[in-house]
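We're numbering straight along the sequence, starting at 1.
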Amino acid sequence: MLGVFSSSIVSPPEELVAAGSRTPSPKITAKSLVNRFVGNNPSAVSMQIGDDVHLAYTHQNESITHPRSFAVKDEIFCLFEGALDNLGSLKQQYGLSKSANEVVLVIEAYKALRDRAPYPINQVVGHLVGNFSFVVFDKSTSTLFVATDQHGKVPLYWGITADGCVAFANDADLLKGACGKSLATFPQGCFYSTAIGELRCYENPKNKITAVPATEEEIWGTKFMVI
């Protein structure tokens, strides 16, 4: 799955900008990245939301235990990969039908977070038990919300394209070719929300997240670590 957002939606993280500056390397634009994804995955579904957002996904080579899904409701778009162990109880909590799947559940959880504040974000995401990563974009508020599970079982990566867009994908090699060293693994047990403007750990909310420069041999430019 792939989500690409212009700088008008999300400001490129300083740590990723600095990583690319330390070791200049080839990059491509956001449009070229999306075209490469679609070109490499003939069955891919791709959509553009306004001028600032591209989303794409494919079921090609997906894991049986960690399937990918997409949904949109009330102008909330969500890409989800993985599975929730407590989906049944969460569907009851949010008043969803028995047929609702993980991606629909995440949209409802986000809506509760947005509309029924004050809900602590760390509690809402912390209630999701399982292996997952997801990208939510709320068109009505131009808000981006991204999270991964506490164990990092469904990897997610993020980087900065040649034209300053922030890209999220489950394919490290795809982003490596587009973002050069402005690339990192999205840290497990963490979320990023443009509503608060920073990366935070929901597993241990009081802990800080720091960026450590990677070695030249690694494909990453930096590593985000919870301390």
Just wondering, do [Y] and [X] contact through their side chains at under 4.5 Å, heavy atoms?
X    : Y    : result
F132 : V106 : no
V53  : F77  : no
F168 : L79  : no
V34  : S46  : yes
I196 : F191 : yes
W220 : T185 : yes

Chi angles and distances behind the side chain to side chain contact (heavy atoms under 4.5 Å, CB included) call for L105, Y94: CA-CA 8 Å; L105 185 281; Y94 288 100; 3.6 Å; yes
Short side-chain to backbone donor-acceptor contact, [X] and [Y], under 3.5 Å:
X    : Y    : result
E62  : R68  : yes
N204 : K206 : no
D149 : H151 : yes
T194 : T143 : no
E102 : L84  : yes
D52  : S6   : no
T161 : K27  : no
T222 : V212 : yes
R36  : L174 : no

What's the spacing between [X] [atom1] and [Y] [atom2] if we round to 0.5 Å?
X    : Y    : atom1 : atom2 : result
L55  : Q48  : CG    : CD    : 10.5 Å
N131 : L128 : CG    : CG    : 12.0 Å
I160 : E15  : CD1   : CD    : 9.5 Å
S11  : I9   : OG    : CD1   : 10.5 Å
S63  : E81  : OG    : CD    : 7.5 Å
L90  : D85  : CG    : CG    : 10.5 Å

Crowded around [X] [atom1]? As in, over 12 foreign heavy atoms under 6.0 Å?
X    : atom1 : answer
K111 : NZ    : yes
E198 : CD    : yes
M225 : CE    : no

Give the cluster check for [X] versus [Y]: same hydrophobic cluster or not, with ILVMFWY residues linked at side-chain heavy-atom distances below 4.5 Å.
X    : Y    : result
L87  : V154 : no
Y57  : V135 : yes
F137 : I76  : no
F80  : V45  : no
V10  : Y157 : no

Partner residues of A100 under the side-chain contact (heavy atoms from CB on, under 4.5 Å) criterion, sequence neighbours left out: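 Testing A100 for side-chain contact (heavy atoms from CB on, under 4.5 Å), a comparison that skips the adjacent residues, returns K91, L96, S97, V104.
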Heavy atoms only: give me the nearest [X]-[Y] pair and the separation to one decimal.
X    : Y    : answer
P12  : V166 : CA-CG2, 3.7 Å
L183 : A172 : CD2-O, 4.3 Å
M1   : N170 : N-OD1, 2.7 Å
V4   : C165 : CG1-CB, 3.8 Å
F70  : M47  : CZ-SD, 3.3 Å
T148 : Y202 : O-OH, 2.6 Å

ring-ring contact (aromatic ring centres under 6.0 Å, His included) contacts in which one or both residues fall within residues 169-190, not counting sequence neighbours: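 Found W158-F186.
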Working for side chain to side chain contact (heavy atoms under 4.5 Å, CB included), residues C190 and V226: CA-CA 9 Å; C190 293; V226 180; 3.8 Å; yes
